[in-house]
2 protein chains.
Amino acid sequence: MTSVPHISDAEWEVMKVLWAKTPCTANEVIEALADQTDWKPKTIRTLLNRLALKQAISYSQENKVYAYFPLVSEDECVKSETTSFLKRIYGGAFKPLLVNFLKEDHLSQEDIQELKNILDDKTK
Amino acid sequence: MTSVPHISDAEWEVMKVLWAKTPCTANEVIEALADQTDWKPKTIRTLLNRLALKQAISYSQENKVYAYFPLVSEDECVKSETTSFLKRIYGGAFKPLLVNFLKEDHLSQEDIQELKNILDDKTK
DNA sequence: GTGAATGTATTACAGCTGTAATCCAAATAA
DNA sequence: TTATTTGGATTACAGCTGTAATACATTCAC
């Protein structure tokens, strides 16, 4: 089974666009990222190229213009990144992450209640 | 307020050693990492140097040999990495991460119960 | 048909990372 | 005292990343 290629920070933004709406032309990606970033169009084309090189995406040449689409799913990538992040920072254990987050008070009472509901479902 | 410098994967391993027992000589760090990694001593010295350069650690010259110690706390670093990870992958939201993890069945029933207890405490 | 625009391909370049090796000075052994 | 060892400082070098610019080819407007 093939593991997903490593996707860098900047590349990740491009992937999110393609995961949200696929396929996309380069220009569509550029437009989608215009609000969130200050990247020049050439920069985004470079990122598309690199993603194609590392086989995270591919493209077909529809009516003269490339239409890019992901080769790896968001779920796969999220899972892979999360796993390696947890391993790096928390030694692979998920609980300390939650504990840390609760300590930091990043969650509202509503969030906490919702998490409890999720956990309840899981215990059913 | 100063933010923590970015600590790379390999550097993180060194920091963990220093957080666990501080101060440490280079040789102590090298020995501590001998089981977990295949790194040559020179490699670890390089990492110590880089960490000192980016002011994540410093050292004092005790009896002819450097004794290294962290300048940033594990808590700070963990928090900073976690925040930027969440922002990158999950758009900053913590809940999807938990949901994802539960989906993947990475947690035992005991884990789930423990998380619920933590959340209960938080709600009290 | 020729110049301008547009999309694609190639090239650029510095900083960070992984992974060391080499050089040098001081201490130690002989 | 001289050769060896050892620790620290400097240098190496390629691959990845961020951030594009330039070169080239095709198409479109005149």
Side-chain angles (χ1 to χ4, degrees), chain A residues 3-18 23-34 36-69 77 80-81 84-85 87-89, chain B residues 3-18 23-34 36-69 77 80-81 84-85 87-89:
Chain A
S3 72
V4 303
H6 181 250
I7 293 166
S8 79
D9 280 21
E11 288 162 0
W12 196 270
E13 296 305 313
V14 172
M15 291 305 289
K16 279 198 230 172
V17 173
L18 291 181
C24 269
T25 66
N27 278 334
E28 286 171 329
V29 174
I30 287 163
E31 199 172 339
L33 288 173
Q36 303 138 57
T37 74
D38 292 337
W39 297 337
K40 303 282 181 298
K42 300 285 183 185
T43 299
I44 294 171
R45 282 171 189 280
T46 297
L47 295 173
L48 284 167
N49 251 309
R50 287 183 184 166
L51 285 166
L53 268 181
K54 57 175 78 167
Q55 309 208 43
I57 68 179
S58 186
Y59 52 84
S60 57
Q61 195 151 15
E62 314 275 344
N63 57 8
K64 315 295 179 193
V65 180
Y66 285 0
Y68 293 90
F69 54 89
C77 290
S80 151
E81 290 292 316
S84 77
F85 166 77
K87 207 161 116 190
R88 185 162 82 95
I89 306 299
Chain B
S3 71
V4 303
H6 180 251
I7 294 168
S8 79
D9 281 21
E11 288 161 0
W12 196 270
E13 296 305 314
V14 173
M15 292 304 291
K16 279 198 232 174
V17 172
L18 291 181
C24 269
T25 66
N27 278 335
E28 286 170 328
V29 175
I30 288 163
E31 200 172 341
L33 288 173
Q36 302 138 58
T37 74
D38 293 336
W39 296 338
K40 303 282 181 295
K42 299 286 183 185
T43 299
I44 294 171
R45 282 172 190 282
T46 297
L47 295 173
L48 285 167
N49 252 308
R50 286 184 185 166
L51 284 167
L53 270 181
K54 57 174 78 166
Q55 309 207 46
I57 68 180
S58 187
Y59 51 83
S60 58
Q61 194 150 15
E62 314 276 342
N63 58 8
K64 315 293 179 194
V65 180
Y66 287 180
Y68 293 90
F69 54 89
C77 290
S80 151
E81 290 292 316
S84 77
F85 167 78
K87 208 161 116 192
R88 185 163 82 96
I89 305 298

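Naming: A, B, ... by sequence-line order, numbering from 1 per chain.
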field: Nearest-nucleotide 5' precedence on DNA chain D, His6(A) against Tyr59(B)
entry: Tyr59(B)
message: When you measure from the side-chain N and O atoms of Trp39(B) to the phosphate of dT19(C), is any distance below 4.0 Å, counting only OP1 and OP2?
response: yes
task: Show the numbers, then the answer: is there a side chain to side chain contact (heavy atoms under 4.5 Å, CB included) between Asn27(A) and Ile30(A)?
output: CA-CA 5 Å; Asn27(A) 278 334; Ile30(A) 287 163; 3.8 Å; yes
- request: For Arg45(A) and dC24(D), give me the distance from atom CZ to atom C1', rounded to whole Å.
  value: 14 Å
query: dT17(C) P sits how many Å from Arg88(A) CZ, rounded?
result: 10 Å
query: Once you round it to whole Å, what is the distance between P of dC16(D) and CH2 of Trp12(A)?
result: 18 Å
- request: Give the C-alpha distance, both sets of side-chain angles, the deciding distance and a yes or no for side chain to side chain contact (heavy atoms under 4.5 Å, CB included) between Phe69(B) and Ser58(B).
  value: CA-CA 6 Å; Phe69(B) 54 89; Ser58(B) 187; 3.7 Å; yes
query: Of Leu47(B) and Ala26(A), whose closest DNA chain C nucleotide lies nearer the 5' terminus?
result: Ala26(A)
Side chain to side chain contact (heavy atoms under 4.5 Å, CB included) between Leu33(B) and Val29(B), worked out: CA-CA 6 Å; Leu33(B) 288 173; Val29(B) 175; 3.9 Å; yes
Asp9(A) side chain, from C-beta outward: closest of dT8(C), dA9(D), dG18(D): dG18(D)
- prompt: Any idea which heavy atoms bring Ala56(B) and Met15(B) closest together, and the distance?
  reply: O-CE, 3.8 Å
message: With a 3.5 Å cut-off and heavy atoms only, can you find an N or O donor on one side and an acceptor on the other between the side chain of Arg50(B) and the base of dT19(C)?
response: yes
field: Arg88(B)/Glu81(A) under salt bridge (charged side-chain N to carboxylate O under 4.0 Å, His left out): CA gap, chis, key distance, verdict
entry: CA-CA 10 Å; Arg88(B) 185 163 82 96; Glu81(A) 290 292 316; 2.7 Å; yes
- prompt: Which part of the nucleic acid, if any, lies within reach of Asn27(A) when heavy atoms closer than 4.0 Å are counted: base, sugar-phosphate only, or nothing?
  reply: sugar-phosphate
Could you list, one pair per line, each protein nitrogen or oxygen that sits under 3.5 Å from a nitrogen or oxygen of nucleotides 21-30 of chain C, together with the distance?
| residue | atom | partner | partner atom | Å |
| --- | --- | --- | --- | --- |
| dT22(C) | O4 | Lys42(B) | NZ | 2.9 |

query: For Leu18(A) and Tyr68(A), which heavy atoms make the closest approach, and how far apart are they?
result: CD2-O, 3.8 Å
field: Atom-to-atom span, CG of Leu51(A) to C1' of dT17(D) - whole angstrom
entry: 12 Å
- prompt: Ser8(A) side chain N/O closer than 4.0 Å to the phosphate oxygens (OP1, OP2) of dG18(D)?
  reply: yes
field: Distance in angstrom units between Glu11(A) CD and dC16(D) P, rounded
entry: 10 Å
Interatomic distance, Asp38(A) CG vs dG18(D) P [rounded to whole Å]: 15 Å
task: Find the distance Leu33(A):CG to dA20(D):P and express it as a whole number of Å.
output: 13 Å
query: In whole Å, what is the span from the CG atom of Asn49(A) to the C1' atom of dT11(C)?
result: 12 Å
task: Give the intermediate values and the outcome of salt bridge (charged side-chain N to carboxylate O under 4.0 Å, His left out) for residues Lys54(B) and Glu11(B).
output: CA-CA 11 Å; Lys54(B) 57 174 78 166; Glu11(B) 288 161 0; 2.8 Å; yes
Nearest-neighbour nucleotide for the Tyr66(B) side chain, dA9(C), dG18(D), dA9(D) considered: dA9(D)
